[in-house]
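Letters A, B, ... are given to chains in the order of the sequence lines, protein chains preceding strands, and every chain is numbered from 1.
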Amino acid sequence: MERSSDKLSSSTSSTLSSEDEKSCALNLKETELRLGLPGSQSPERKPGLGVSLFGKDLEDMTNGFSPSPLKNPVSGAKRGFSDAIDGPTGKWVVSTGNGSEVDLGKGAALFSPRGGNGGKSLGGLDGKSNTQLPCPSATPTIKEASTVPQSPKPVQEKKSQIPAANEPGSAPAAKAQVVGWPPIRSFRKNTMASNLTKNSDEAEGKAGFGCLYVKVSMDGAPYLRKVDLKTCKNYVELSSALEKMFSCFTIGTCPLLLCLSVSLSLLHTHHTTFNTPTHPITLRFCRIILMHAEYKSTKLTGVLFWCLTHARGQCSSHGLRRQDGLNESCLRDLLHDSEYVLTYEDRDGDWMLVGDVPWGMFTDSCRRLRIMKGSEAIGLGMSNIISI
Amino acid sequence: MDPKGKGSPDASGLARVGSTFPDEVMQIVLALLNSHRDRSSVSLVCKNWYDAERFSRTHVFIGNCYSVSPEIVTRRFPNIRKVTLKGKPRFADFNLVPPNWGADIRSWLLVFAARNLCLEELRLKRMTVSDESLKFLSLSFPNFKALSLLHCDGFSTDGLAAIATHCMNLAELDIQENDINDKSGSWLSCFPENFSSLEVLNFANLRNEVNFEALDRLVSRCKSLKVLKVNKNISAEQLKRLLVHAPQLTELGTGTFLQDLTSCQYSELESAFNKCKNLKTLSGLSEVTALHLTPLYPACTNLIFLNLSYSALKDVQLAKLLVRCPCLRRLWVLETVGDKGLEAVGSNCPMLEDLRVFPADTFEDIAHGVTESGFVSVSYGCPRLRYVLYFCQQMTNAAVATIVHNCPNFTHFRLCIMNPCQPDYQTNEPMDKAFCAVVKTCAKLQRLAVSGLLTDVTFESIGRYAKSLKTLSVAFAGSSDWGMQCVLGGCPKLRKLEIRDCPFGNAALLSGFKKYDSLRSLWMSDCKVTMNGCRLLAKERPWLNVEVMKEEGSNESRANKVYVYRSVAGPRRDAPPFVLTL
């Protein structure tokens, strides 16, 4: 563990921020894994800690990461990689709070934004969108049923917490939503969404105008959920929202998979030309994960699979092989071991991989989502990987 | 009809009286009885009358499909032709019931077919209907005339195609607000070219484009067409063509009016509307601006029901329209009309009986929207108001007291203050006084939905004063078990009780165990009820179905979703794994 952490530190030490070293105080309570229903609040969690991907104390946890309370205090106890996306800078970070020896730090930029485009080239990974995750199915009532009816404050307080957690200058989040409240049928909500977006003279510049609910099923879960695509502004938010919803079903799986998979798809989509300094970082990152996959069983292999899916698109296969020593059989193994993949059914009834098309096109054509097992997803355009 | 013969022996004295009553008279009298309650009363008099009633009954209404089995229904009423069925608990509309819960029409259709029922009409609400069921329906009942599906799920437009293809005598096809897999609009083209019996066609909520020429021909052929509600893909120009073929319409749902009309099109549309003298109901009107409303004006003179709940109109536009609707009795609008729009309602609609104000954008705090003052303005202008559904951001006790003082005839009062547990925003008190005023003043109140910050005081009043109350919906309210106990101890006519997110626990649940025999159903979700409490109830009342829906990962002893209902059919045989019948 120390060996690999040294490597990690060396690769990213230059961008370690001191602020994060301070915040990486040992706080085991914060690392305590709790199960809440998606969207339930963990009010006693303190904000300000990063997500621990490779921390030492992770070995004690079953699903390989520690929850971060920070960005969205309304959401449940589990967090994923999405929280590692630093707000205002729009950079990808992998941080390891909680006193672990592996210290990438919050400021570490593994994928820095494209040259001139600043934070925008990562297509939505900007500060405005990623930290405020509305919970389409937040149920504060589960934990607070005793308090909500007795005092008028909790719900309002909850709402005011969300803007407080904003990075300055980011857009206000949609307010916390209780399942089935206000009592309006989904049909009406969806219809109003499509009506209102067409009334162009009503444009008020608000984010998330109207709503668009699609069903989400997950292989193995006993019931489906619905997610409002309009409350997510990009794939990252979507994957986070989904991860929260289904985290209770993914104990033992790495929810990071979902986040990373769509996030990296996004990277791929938004014309990332990898003949820049970030290219080696991409691959280095992949290598990092692969190394840790050895320790973390197959959970993170799905992550790697996706990294490679999209990294490969940008560099020659030759280069890939040379740099990482990976080969076809290795990838095939990864493919079979990867846990879940996010897919959607489009208007034509075809099942597509999430992340290929721009977000706007996706929300227009997505009819429903399905989190399917990686082994089943093999047919969905993965062939370019196998044919390295 | 096959009543028991005159003079059949019966022990009861009443039967002797009944048996001297000529059967022919009996038949005529019973044929005039339409009300279910009256028929139930008749059937209780004596065996003769029971039999006479059961053989003459043509329409059965089943408010909870699991309260009875299709076998029992068809055995008792062998001659029914019209069936109305309601399935899932109402909170299923708000995603509180997991999918695949049940209420599948299939088993009913199979029994109906097996018993050779001459099924003509089927009206379903919150049932699961598959395409196979629809196809089976279309093939098994040659006299089938009317299909109405409201808030149902499980089917696609393929099912509609089967209905259109095979039901030769179809008069009504009413598909409203369902969770339908809308594959294409080709189902409409499945009506045969010589088919002409349609009287009601409502496909307003389907998204895919239908073949307009096929629709046009259909409308031209069906001379008895009274109700036509098209979907958004029908343009104004196309609508005009349809209206020209069907000036006899009494209910119209328009398509979209988005494109700009030439002046020629405009006047043609206006004259088409002018010819529709019988129009009583107007709906649709989504994506419409002020300009597009003017052609409608000629048709508004006799309007009774105006459904603008999908039109984001502003106050000025609404006011101009309302001036032309002097007979309006029912108005559904979006909150975009604002308090000013509601003032216009108060000024222009003295005959108004039913007002519903729906929210426009549910997840954003909007500066506009309606407040208590809009509601108060309406109450001053519309004393006949009896049905109101009002979504608002803020309310005061004083406003509600004024409203019910102006309109004491409320039968349905559904107030939804959108933030849970919000107090009176002026006094910061709970909203108890508001609902106390409602139940004290409105003696005819049948349906009540409460919201805002409420303590047990509200429920004490409800229990004491709401003598006619049949349906009560409660969310995020109450302080203790006592609240629910008051309701269960009072409200003599209570039939449906639905509760979510309230601090009512086992004591409350068990206090009403005698009451549940007279309730159609009780729903409690996210309250403080535990599995043990439910088990106790099930033990106390073995003829009630006490169902608990289990969720993954939830506390084992908590009963998060409880659905209790009376049934003569015993526990469900088709319950999915997450539904436990105790």
Side-chain angles (χ1 to χ4, degrees), chain A residues 35 37 134 136-137 139 141-142 145-146 148-156 159 172 174-175 177-189 191-196 198-199 201-202 204 206-211 213 215 217 221-226 228 230-231 248-249 251 349 367, chain B residues 91 93-96 98-100 151 177-179 183 205 207 232 256 258 286-287 289 309-312 334 336 358-365 391 416 418-423 428 430 449 451 453-455 473 475-479 500-503 526-528 551-554 560 577-578:
Chain A
L35 283 182
L37 279 187
S137 57
T139 50
T141 57
I142 299 301
S146 55
V148 165
Q150 283 151 16
S151 105
K153 291 303 171 201
V155 176
Q156 279 84 342
K159 287 196 270 257
K175 62 186 179 202
Q177 289 146 30
V178 179
V179 175
W181 189 268
I184 300 158
R185 300 192 176 97
S186 319
F187 182 89
R188 170 168 284 281
K189 287 182 201 159
T191 309
M192 287 318 303
S194 49
N195 281 4
L196 290 172
K198 279 185 191 167
N199 280 345
D201 47 321
E202 306 246 64
E204 289 162 314
K206 280 189 199 151
F209 205 67
C211 55
Y213 279 87
K215 288 187 189 173
S217 62
Y223 51 82
L224 280 64
R225 303 298 302 266
K226 273 197 174 169
D228 180 359
K230 289 265 189 292
T231 58
C248 49
F249 302 125
I251 301 161
R367 280 224 308 254
Chain B
F91 281 173
D93 288 347
F94 315 126
N95 300 333
L96 288 181
N100 302 319
H151 308 315
E177 298 200 7
N178 299 292
D179 191 2
K183 291 181 178 175
N205 302 135
R207 301 223 164 103
K232 288 200 269 196
T256 185
L258 258 192
S286 55
E287 300 158 23
T289 68
S309 63
Y310 289 101
S311 314
L334 278 181
T336 51
F358 292 93
D361 190 354
T362 57
F363 299 116
E364 303 270 340
D365 275 319
F391 284 86
C416 181
M418 309 249 281
N419 289 334
C421 306
Q422 183 167 305
N428 236 11
S451 59
L453 178 66
L454 297 173
T455 69
S473 305
F476 303 102
S479 340
R500 62 166 292 184
D501 295 281
C502 296
D526 294 304
C527 296
K528 289 186 166 175
E551 282 172 8
E552 283 281 322
S554 65
N560 270 335
F578 59 85

Given a strict heavy-atom distance threshold of 4.5 Å, which part of B:S473 is in contact with chain A: side chain, backbone, both, or neither?
neither
Can you say whether B:F91 sits under 4.5 Å from chain A via the side chain, the backbone, both, or neither, judging by heavy atoms?
neither
Where the side chain of B:R500 meets the backbone of A:G180, is there a donor-acceptor pair that is under 3.5 Å apart?
yes
Could you tell me if the side chain of B:P359 sits less than 4.5 Å from the side chain of A:P182, heavy atoms only?
no
Under 3.5 Å: donor-acceptor pair, side chain of A:W181, backbone of B:N419
no
Under the side-chain contact (heavy atoms from CB on, under 4.5 Å) rule, collect the residues that match up with B:N205, sequence neighbours excluded.
A:F187, B:Q176, B:E177
Which pair of heavy atoms, one from B:N95 and one from A:V179, lies closest together, and at what distance?
O-CG1, 3.9 Å
Using the rule given for side-chain contact (heavy atoms from CB on, under 4.5 Å), can you reason through A:T191 versus B:R207, listing the C-alpha separation, both sets of side-chain angles and the distance that settles it, and then say yes or no?
CA-CA 10 Å; A:T191 309; B:R207 301 223 164 103; 3.7 Å; yes
Chain A interface, residue from B:P99, B:S309, B:P98 that has the most non-hydrogen pairs under 4.5 Å:
B:S309
Verify the neighbour count for atom CG of B:N100: are there more than 12 heavy atoms of other residues, nucleotides or ligands below 6.0 Å?
no
Measuring from atom CZ of A:R188 to atom CG of B:L334, what distance do you get when rounded to the nearest 0.5 angstrom?
6.0 Å
